A.B. asks: 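Handing you a structure now.
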Amino acid sequence: DAGITQSPRYKITETGRQVTLMCHQTWSHSYMFWYRQDLGHGLRLIYYSAAADITDKGEVPDGYVVSRSKTENFPLTLESATRSQTSVYFCASSEWRGGGHSYEQYFGPGTRLTVT
Amino acid sequence: DAKTTQPTSMDCAEGRAANLPCNHSTISGNEYVYWYRQIHSQGPQYIIHGLKNNETNEMASLIITEDRKSSTLILPHATLRDTAVYYCIVRANNNAGNMLTFGGGTRLMVKP
């Protein structure tokens with residue numbers, strides 16, 4: 001089914017471990033984003049990508065690594081997980097439609113990550 | 001991006017219109033007003049956006065004041081499924097990579 005998917009949906013890991021969260025979209029959108037949402041708070045941008053092999057930092061990039069070798073995939077890696085990275089992670093994608101039109105972001109269902 | 005101010009929470013009776021206000025007094029001329037909502041445990045969902053004219057789609061209506069310093073999202077016939085946190089965001093539309101800055105939003109509770 002077309003759309004944006006994330007895996008795993010739930011993950012428990014230990015402090016110091018590396019963990020990768022996957023994001024896949026079927027729309028061929030140029031832009032992809034990673035946000036985190038902590039309990040009771042709004043979303044904060046971690047990294048985004050304008051196209052394959054082009055990534056840039058968002059508001060809270062420390063402790064995270066991203067890559068984008070293919071347009072449809074945008075994995076997020078926590079190189080050495082810490083308890084402060086316990087959060088819900090949302091991936092999103094969008095496209096520039098030109099002519100001054102908007103490009104709303106479409107969000108995945110989220111990955112709930114717990115670091116013990 | 002301009003900062004927005006929204007009430008923390010609101011209640012609405014099922015079947016009635018829900019009017020969610022948002023103040024954005026420092027909005028710039030090239031910034032649009034976007035509304036997203038987040039139903040519990042789901043990813044945010046785009047609702048509507050506008051620059052200066054009122055907008056309507058199948059989900060909602062957006063009323064922007066003439067001075068653009070505030071706006072109101074209207075859900076014309078709220079249902080229980082509209083219970084969610086609603087985020088008002090202002091953002092320049094000149095780059096698809098412009099981040100969405102989510103504030104605290106308004107928690108709308110639709111009651112039977």
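Because the structure is predicted, anything quoted here is derived from the model rather than measured.
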A.B. asks: Counting only heavy atoms not in Arg17(A), do more than 12 fall under 6.0 Å of its CZ?
C.D. replies: no
A.B. asks: Kindly indicate whether the side chain of Gln105(A), heavy atoms from C-beta on, has any atom under 4.5 Å from the side chain of Pro44(B).
C.D. replies: no
A.B. asks: Using 0.5 Å steps for rounding, measure from the OH atom of Tyr46(B) to the CZ atom of Phe107(A).
C.D. replies: 13.0 Å
A.B. asks: Working to the nearest 0.5 angstrom, can you tell me the gap between Gln42(B) CD and Phe90(A) CZ?
C.D. replies: 9.0 Å
A.B. asks: Can you check whether Leu43(A) reaches Gln38(B) side chain to side chain, under 4.5 Å on heavy atoms?
C.D. replies: yes
A.B. asks: Are Leu78(A) and Val60(A) co-members of a hydrophobic cluster defined by side-chain heavy atoms under 4.5 Å apart?
C.D. replies: yes
A.B. asks: Give, for atom OH of Tyr106(A) and atom CD of Gln45(B), the distance between the pair rounded to the nearest 0.5 Å.
C.D. replies: 10.0 Å
A.B. asks: Is Trp34(A) reachable from Tyr31(A) through a run of I, L, V, M, F, W or Y residues, each pair having side-chain heavy atoms under 4.5 Å apart?
C.D. replies: no
A.B. asks: Grouping I, L, V, M, F, W and Y whenever their side-chain heavy atoms are under 4.5 Å apart, do Ile89(B) and Ile63(B) come out in a common cluster?
C.D. replies: no
A.B. asks: Answer yes if Ile74(B) and Leu80(B) sit in the same cluster of Ile, Leu, Val, Met, Phe, Trp and Tyr residues linked by side chain heavy atoms under 4.5 Å apart, and no otherwise.
C.D. replies: no
A.B. asks: So, taking the atom named OG1 in Thr101(B) and the one named CZ in Arg44(A), what distance separates them when rounded to the nearest 0.5 Å?
C.D. replies: 12.0 Å
A.B. asks: If hydrophobic clusters are built by linking Ile, Leu, Val, Met, Phe, Trp and Tyr wherever their side-chain heavy atoms come under 4.5 Å apart, do Tyr89(A) and Phe74(A) end up in the same one?
C.D. replies: yes
A.B. asks: Could you give the distance from CD (Gln37(A)) to CZ (Phe102(B)), rounded to the nearest 0.5 Å?
C.D. replies: 8.5 Å
